[in-house]
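By convention in this document, chain letters (A, B, ...) are assigned in the order of the sequence lines, proteins followed by strands, and residues within each chain are numbered from 1. The shown structure was predicted, so the numbers you read here are calculated from the model rather than taken from an experiment.
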4 protein chains.
Amino acid sequence: MMDVNVYRLPMAGPSDVSELAKLIENNEINPNDICAIIAQTEGDGYARGYCAQSFELMLSEKTGLSRLEISEKIPMLMIGLTGGLMSPHYTVFTRKNIDGSASSEKRLSLGIKVTRVLLPEEYGTKTQVHLVAQAVRDAMTEAGIEKIEDVHCVEVKCPNLTFDRLNDAISRGKKCVSTNFAEAGSKSKGAAALGVALALGEIKDSDVTDEAICSDFSLFSNVASTSAGNEQVACKVILMGNSNQSVSQYIIGSGVMKDTLDLEGAFTAFRKAGLVFDQSIPQSQRNKIATVFINAGADAKGTIRGRRTTMKSDYLSSYQGIFAKAVINAIVGALIGDTMILASAGYEHQGPLGANLVAVIAKATS
Amino acid sequence: MMDVNVYRLPMAGPSDVSELAKLIENNEINPNDICAIIAQTEGDGYARGYCAQSFELMLSEKTGLSRLEISEKIPMLMIGLTGGLMSPHYTVFTRKNIDGSASSEKRLSLGIKVTRVLLPEEYGTKTQVHLVAQAVRDAMTEAGIEKIEDVHCVEVKCPNLTFDRLNDAISRGKKCVSTNFAEAGSKSKGAAALGVALALGEIKDSDVTDEAICSDFSLFSNVASTSAGNEQVACKVILMGNSNQSVSQYIIGSGVMKDTLDLEGAFTAFRKAGLVFDQSIPQSQRNKIATVFINAGADAKGTIRGRRTTMKSDYLSSYQGIFAKAVINAIVGALIGDTMILASAGYEHQGPLGANLVAVIAKATS
Amino acid sequence: MMDVNVYRLPMAGPSDVSELAKLIENNEINPNDICAIIAQTEGDGYARGYCAQSFELMLSEKTGLSRLEISEKIPMLMIGLTGGLMSPHYTVFTRKNIDGSASSEKRLSLGIKVTRVLLPEEYGTKTQVHLVAQAVRDAMTEAGIEKIEDVHCVEVKCPNLTFDRLNDAISRGKKCVSTNFAEAGSKSKGAAALGVALALGEIKDSDVTDEAICSDFSLFSNVASTSAGNEQVACKVILMGNSNQSVSQYIIGSGVMKDTLDLEGAFTAFRKAGLVFDQSIPQSQRNKIATVFINAGADAKGTIRGRRTTMKSDYLSSYQGIFAKAVINAIVGALIGDTMILASAGYEHQGPLGANLVAVIAKATS
Amino acid sequence: MMDVNVYRLPMAGPSDVSELAKLIENNEINPNDICAIIAQTEGDGYARGYCAQSFELMLSEKTGLSRLEISEKIPMLMIGLTGGLMSPHYTVFTRKNIDGSASSEKRLSLGIKVTRVLLPEEYGTKTQVHLVAQAVRDAMTEAGIEKIEDVHCVEVKCPNLTFDRLNDAISRGKKCVSTNFAEAGSKSKGAAALGVALALGEIKDSDVTDEAICSDFSLFSNVASTSAGNEQVACKVILMGNSNQSVSQYIIGSGVMKDTLDLEGAFTAFRKAGLVFDQSIPQSQRNKIATVFINAGADAKGTIRGRRTTMKSDYLSSYQGIFAKAVINAIVGALIGDTMILASAGYEHQGPLGANLVAVIAKATS
């Protein structure tokens, strides 16, 4: 049996890992049990690396492992760039095996896998789709999850194309999916999302072609949230669901907001995580929430319910992903009175175009 | 007796005034009845002037008046800079005198006044406070509003300090409130808001000192929304409330969201405008909404309910006003399924720090 | 015979056309002689339209022509987005036929042509290349220029793909070169530049394929500067060169800075325009300069002489075109003590990658 | 006697300290001799901390000292935010005492001092001026520099006001120079610059008042370059000049560009550093350049030689410091064919308004 715990902690800046350090010093967390960290970091893209370096340093001191060993042992997903009311924070997952028999109720369980290192020319191709799909299947097994509907959130961090990587591919006579880094990164995220969809049966094997990636948006996963970073060389998968192999005090639920104004979609996620409420969530139920992961999709479109937005056209449109995250964070945050919840941007095959995926981890009532 | 109508129209860009032109051509609007236009324009600050020039051109053609005459006859308030799900649009107000006797129910009424031209050294001073206060009082009289609680929204556009204006003041041996244009503009907005507060009895005459402006934030108005523009030389006041001198089919209501997550504050505004609902607004009631004006306050603070945001610290913090507008637009928009509602930023004495003022114009049920 | 004059005038904002109005009122310029205006406008993309509307309004008043007639008679090229030391301004060209015989020295001459309206699916294709090439050939004829080496600057403004245009193409079952507007705009600029190259014999007819556009950067023109705008539906060509059909007091010269630090390339342009100097340009020679047009290429690359820049990678990289213009404006401006010179960004087939084209119009000495 | 060496090294990102690591591994640099590092980092403000942390980690491994010991032993000045052609890099200074007698020619010498920790309410006040002045005097002594004209560059990194620091001051009943962090930071830089000016006799003791800071810009230093960071709590001073106590192979020279187009001012700096040339710097002389430090001043003004710029008015004006650095880096870089030179922004009492200070370190010819 597995016990999984979840700690959502604030940070005062990209290098502030003091709250986790305190919990370790107070013996509330055994650093050897930490199995994943997902952070919402402020600042620009470099702040992700700064944050990871800071975690590695601190955890290296606390465990006696080297920084490299920490880095290999604990997948760290850094979701960078905040805006609006988004509040920088990180979620620490611990996992340990304990004796016991299968619980009657399924509880929060985690599967964590990393694919092999991808070649630059494989980014955004069906090779990446298949590698991620296999990692997702393996993560399900590790998590003790048998039924696909028990998977509620699959966070994937995948590599971005960079100058050096492009040149490496060219020097070997290979062609990457694009020489435009933004487009290549988008396809990398798209391929990762399709990998999740394939593993979970949301698309068929025959749907997976190089051409379909970031082109046929009728293909998607309803539980995938993918992001890309220059610092990644492989795809890191953190799969979350409910399993009767887990005795965690937490359960996870998810829902799809079919557009950014679809409050009912968000409510579904909170209800699936066990919260009980009518049209608004009372404080007593809010208190049960451990953390919320959202994948924002507003930047997929220049309209919302027939109204034109300036998301894709105005002089700040290069920051459209930040705005997409800021507005969904605000809307869902307003439902629970708390904006220290994670928002990741990425419309590529992560739900239907314009949708927002919401996953909620809450304390089980029983 | 007065009849007031309200038309909220989309725009495809800062110069797109075609929807209003169509209504005039179809005889749905008599251009001579137009008394004010409030626009939410995309693009940067210059787009405000572009939009105004486009309205002047079109209305000049439709009325036979010169562009200057149009400009002097019809106050145009352009609220620039959009983000997130904000949808560029404008609201046209018409007003005409008709025969009849006082209605039993108070209905939407408008008062529109422009102060004298201010000297640059008067921007952001108590002189500006008093000029705006007098304009507000005159606007109330014009609107046929006697009771202060019947005033629900006072939009004020006031002048910004510019290089030329600063140099003009210096050349006359005068000192402006700041040589920093952002700070001077902030004080201009603050003085305008205090002018509204003074006229409406929300602050006392003895509260009004030069020192208090943008310093003592315990002083504020709950119905003022002020913005500043380089193109302004005086303060334009558009006051909205309910009066029994009006036979309009619309009524207006307002509420204060004490912070950006305070949904109850927003619900209050919708209820005061006559909407009937429990914890969420059904489509039948949404259909009655003519327009919504919000004054955003999230950029006043770097925290929300104890959570730290990056609003005032990150590399995009110079656009904090846009983010503040984007998040409140999204939150209130989600309550009614429509983000084509106006959001103006400006925390200076416009409600308590961090508050958001919401004014709703809706069709009366009777 | 043709007489051509050049007036470089400052503007206080995108709508400030007062300096030209004054010259017309003082009878220094006959508004009917104005044949083209090239402006460097501040603000965002909408400011280009605002500026054009302002010119149309003023020139309509001065000439009695309608705004539409002005718009069709006088091509206006608005180069938007300024940064650094760039100084907003515009250059007015007048042209009139006069009696006389061919001058011994070739002088500044203009050819101005507009292609037919392009269909959205033609943007960025070889169809556009051929349309622009024909317009360039016609413009040479109009300018009385026979030899290709007498052409020194060809400014082309071409259309951008927009939502509406893309949807129009899709509705007719057509495919555009990209659904990504930035990429489509880049290809539109690239096709226009190749059109110039084709007309001037810098590339061969067989080089022109759809695949080569924005892909084979060994193809380019050394005198083309192209930009794109949402407001354009056809390609406007303003060709400048020297002709013995002209009695203008000005001559034009051009040069290629092979990278942004190549001062010798800039010096070549000034020398070809008749300036005489050794290693720096003395004030007496600077006084002869009428205007300078630069096409910036620094945003084509992430390196300069082996040094890595952050042009294409940093959080402001979406503004790389503005930075490319700012730095070349500063460097060339420092050579002549004046930064009120035009810089346009666009690396697509406009010189070799990373090159900057410089065209100088100066008073002839004789 | 002192020997001083200078190593200018490129970086591939804010955490890339590999070039220095290689020189240490190759025994070209003894890490114990490193006395200061000045870096030009890309990314946002957090990248400065990331870079510093990366140096501390690597030097800790190489020396066996703790990260804290490294941090206290080696002042690291991180100048963040790059644009245009600026190339991220760092300059490492080593210093060691050697036997020998005073050289006939004065050579590069360094003095490095850190003031005591300042209280937040002291930032931007004359207390800061005096503390910095004393540190500068002490640094001169340490550097073995007697004559003021032998000081050519004084880099100072000083603290910024932050939320926590402001609240700390308020909690102790103290008032900071501003509650606006940008303004407070500006005054901190201004006070530091006046401290340099005071120590070097460029201003009189009676000139130093709280009111004069960032107000009386007739007071300034011609060799100070100051910047501020949230990560600083004291003022770090790195003073560079020439001394006959040094046997370094380098000498330093400086000059003032009275505005950003003043090439003669830049040439003066190169000549004072021993380069010999007429109107342009030949490759043989360029080869002698070790590094260049520039303090940019273009953001002090909205005009240059009578031409209006959009530096302080456009929608990107919040990045005016980056543009100021980008243009001066480009202009000076073009003179030497290399843009991997440091540019720091800060007009506050660092030269006359609009001036740019240039310091050049070059190999001595003898």
Q. With a 4.5 Å limit on heavy-atom distance, are the side chains of A/Leu166 and A/Pro120 in contact?
A. no

Q.
I want to check something: taking the side chain as every heavy atom from C-beta on, are C/Cys235 and C/Gln128 in contact at a cut-off of under 4.5 Å?
A. yes

Q | Interface moiety of A/Asn180 toward chain C, non-hydrogen atoms closer than 4.5 Å | A | neither

Q) So what's closer than 4.5 Å to chain C heavy atoms on A/Tyr46: side chain, backbone, both or neither? A) side chain

Q) With a distance cut-off below 6.0 Å to the six-membered ring centre and an angular limit of 45° from the axis, does A/Lys312 pair with A/Tyr347 as a cation-pi contact? A) yes

Less than 4.5 Å to any heavy atom of chain A: does that hold for the side chain of [X], its backbone, both, or neither?
X: C/Ile322; result: neither
X: C/Asn230; result: neither
X: C/Phe163; result: side chain
X: C/Tyr319; result: side chain

Q) With the threshold set at 4.0 Å, does a side-chain nitrogen-carboxylate oxygen contact exist between A/Arg172 and A/Glu121? A) yes

Q.
With a 4.0 Å cut-off on N to O distance, would you call A/Arg305 and A/Asp259 a salt bridge?
A. yes

